[in-house]
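Read through the structure below, which is laid out as structure tokens, and then see the notes.
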Number of protein chains: 2
Amino acid sequence: MRGNLFAVAVDLVVFTVRDGVLCVLLREREAPPFAGERALPGGFVRGREDLLDAAGRELAEIGLAINGHHLEQLGSYAHPDRDPRGRILTVGHLALVPDLPEPPGEGLWLPVAHADTLAFDHAQILADGVERARAKLEYTTLAAAFCPPEFTISQLRRIYEAVWGTLPDPRNFSRKVTSTPGFLVPTGTKVSSGRGRPGQLFHRGPATMLHPPMLRDHAASDPTP
Amino acid sequence: MRGNLFAVAVDLVVFTVRDGVLCVLLREREAPPFAGERALPGGFVRGREDLLDAAGRELAEIGLAINGHHLEQLGSYAHPDRDPRGRILTVGHLALVPDLPEPPGEGLWLPVAHADTLAFDHAQILADGVERARAKLEYTTLAAAFCPPEFTISQLRRIYEAVWGTLPDPRNFSRKVTSTPGFLVPTGTKVSSGRGRPGQLFHRGPATMLHPPMLRDHAASDPTP
DNA sequence: CCAATAGTGTCTTTGAGACATTATTAA
DNA sequence: TTAATAATGTCTCAAAGACACTATTGG
């Protein structure tokens, strides 16, 4: 068999929205290389694992697998100098989770805008994850993956704000999401967000696609400086 | 270093449109495994190659690298049973080339609709490539990558027909592509396609994105049966 | 003259963009 | 009463969808 042998890892770009800010889950590396620097969580593919299996296991080891979070493959990175230990190919994955009370495992939630210097080529993987998430919010109902099982339209709208850097008009946004069949299922209950009028609660319907898409301003202000 | 070691390959989903039909470049395998069956062209990553480099080299070895064809990473496939020789991860790539006078190298152009049984998991990789190409024609100017350096609007429209399985209305299509700044640059010359009125020739402009996108009928007839 | 292809204009309809006020609750 | 948040309707405008005829060439 021609060609080199590679170690194969999976890395995770885990996003959540905390206080209206898109955050990514990072770990501080304890061992070299890049000891003390921040990196995406991840690890090597084991045994007979497939890639998504390995990514799911890593997610579980972080403490995030209780329920079915969104997880998809992002892309592979194999530059020969990306890891000083040798030839390591990593398959980046994108995971979207709701805001959690505490950072899972030993990780920390860092606003994406402040995650500019990362170990390895993780800044590039993160940038690709951000772009993927932004694009998918246009064509899919995936914003709900950032929300708890029940949520209001306002919460959903703030997801878009955090990911895109622009706050959609509340009336147009409401019109769009409520007129997409199967996106939002009303629960009939309301919830008060502290003070102010309580909002109507929904949970995710079976719809996965937005037709036609909700296009972001291509020239919108970018929350990653 | 924990985890198995993998051989890493790149496989190519090379599309062209021949006689109005979306075709994929395949090879007949000579050696086991899957000797005699059809497979995507590809090979192992060598030396200090990055993934795109390896895919570009494979494209060159096929005889397709003379000019800059479109080439992008599609995704990685690493199911433990995908190759009986052992643990091999392959990174699928998508390449789009204009219709060529002869099949390059030892390959054959097969209509995608007839490429249902392939070696390894290549049917899955092909299916993902088809879906990627279809989606990208909505949001990008990539259809021109299937065209020779100079082409008519009719030719471009037939690309959409071949990839999507639906023929856009000529007036609406013309309106859309000509009103996208930087998509089509008129050459001022005309060409006769056998008989009938000659068409105006264009070449690709610098635009890469279509804003807003040209959406395909989500319920369109699927040319892959 | 006929067959084949290129090229074009208008009306209708759908959906996005912009915009301000009222409703409901906690403090 | 005030402050905070949720909810909603209309007009305008941009773009897609539908639709048929004329122009130009080769045979």
Side-chain angles (χ1 to χ4, degrees), chain A residues 19-20 137-139 141 147 150-162 164 166-181 183-184 186-202 207 209-221, chain B residues 19-20 137-139 141 147 150-162 164 166-181 183-184 186-202 207 209-221:
Chain A
D19 301 317
L137 259 56
E138 292 191 315
Y139 306 107
T141 62
C147 294
E150 302 199 332
F151 55 92
T152 66
I153 293 184
S154 286
Q155 279 176 277
L156 189 64
R157 183 164 147 262
R158 281 187 216 107
I159 300 295
Y160 276 87
E161 180 188 22
W164 283 355
T166 57
L167 185 61
D169 175 87
R171 286 160 294 191
N172 299 338
F173 183 80
S174 188
R175 182 215 296 157
K176 180 70 182 175
V177 296
T178 58
S179 70
T180 298
F183 190 177
L184 299 181
T187 64
T189 56
K190 298 180 178 201
V191 70
S192 166
S193 62
R195 52 194 163 290
R197 176 175 171 175
Q200 162 107 30
L201 280 175
F202 298 85
M209 293 291 162
L210 250 38
H211 289 294
M214 179 163 24
L215 299 176
R216 65 198 204 260
D217 253 359
H218 193 65
S221 73
Chain B
D19 301 317
L137 259 57
E138 293 191 313
Y139 306 108
T141 61
C147 295
E150 302 199 333
F151 53 92
T152 65
I153 293 184
S154 286
Q155 279 177 277
L156 190 64
R157 183 164 149 262
R158 282 187 217 107
I159 300 296
Y160 276 87
E161 179 188 21
W164 282 356
T166 57
L167 186 62
D169 176 87
R171 285 160 292 192
N172 297 339
F173 184 79
S174 186
R175 183 215 294 157
K176 180 69 182 176
V177 296
T178 57
S179 70
T180 298
F183 189 176
L184 299 182
T187 65
T189 57
K190 299 182 178 199
V191 70
S192 166
S193 62
R195 52 197 164 287
R197 175 176 173 176
Q200 163 106 32
L201 280 174
F202 297 84
M209 293 290 161
L210 250 37
H211 288 298
M214 178 162 25
L215 299 176
R216 66 197 203 262
D217 253 359
H218 193 64
S221 72

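Below, read A as the first sequence line, B as the second, and so on, with proteins coming before strands; counting in each chain starts at 1.
Atoms CZ (B:Arg171) and P (D:dA20) sit 8 Å apart, rounded to a whole Å. Following rounding to the nearest Å, B:Lys190 (NZ) and C:dA6 (P) show an atom-to-atom distance of 12 Å. Atom CE of B:Met214 and atom C1' of D:dA14 are 17 Å apart (whole Å). In this structure, CG of A:Leu156 is placed 15 Å from C1' of D:dA6, rounded to the nearest angstrom. The separation between B:Phe173 atom CZ and D:dA18 atom P is 16 Å, rounded to whole Å. Note: CD (B:Gln200) to C1' (D:dA23) measures 14 Å, nearest angstrom. Rounded to whole Å, the distance from CG on A:Leu201 to P on C:dT25 is 14 Å. If you take CG of B:Leu215 and P of C:dT14, they are 16 Å apart, rounded to a whole angstrom.
Within the 4.5 Å cutoff, side-chain heavy atoms of A:Trp164 are placed close to those of A:Met214.
Counted by atom type alone, A:Ser154 and A:Thr152 present zero donor-acceptor pairs between their side chains at under 3.5 Å.
The listed nucleotides are C:dA20, C:dT10, C:dT24; the one nearest the side chain of B:Arg175 is C:dT10. In the set D:dC19, D:dA15, D:dG26, the nucleotide with an atom closest to the side chain of B:Arg195 is D:dG26. The side chain of A:Ser192 approaches C:dA26 more closely than any other nucleotide in the set C:dG7, C:dA26, D:dC19. Minimum atom distance to the side chain of A:Ser154 is reached by D:dA6, of the listed D:dA6, D:dA7, C:dC19. Across D:dA20, D:dA7, C:dA18, the shortest atom-to-atom separation from the side chain of A:Asn172 is found for C:dA18.
Between B:Tyr160 and B:Phe173, the angle of the ring planes goes over 60°, which puts this pair in the perpendicular group of the 30/60° scheme.
The residue among A:Gly196 and A:Ser174 whose nearest nucleotide of DNA chain D is located toward the 5' end is A:Gly196. The 5' end of DNA chain C is approached more closely, in terms of each residue's nearest nucleotide, by B:Thr152 than by the other of A:Asp169 and B:Thr152.
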Carefully, step by step, assess B:Leu210 and B:Glu138 under the rule side-chain contact (heavy atoms from CB on, under 4.5 Å).
CA-CA 7 Å; B:Leu210 250 37; B:Glu138 293 191 313; over 6 Å; no

Full working for side-chain contact (heavy atoms from CB on, under 4.5 Å) between B:Gln200 and B:Ile153
CA-CA 8 Å; B:Gln200 163 106 32; B:Ile153 293 184; over 6 Å; no

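Residue contacts shown for B:Arg197 include a base, since a base heavy atom lies under 4.0 Å away. Using a 4.0 Å heavy-atom distance criterion, A:Arg158 is classed as a sugar-phosphate-only contact. B:Lys176 comes within 4.0 angstrom of the backbone, heavy atoms only, and of no base.
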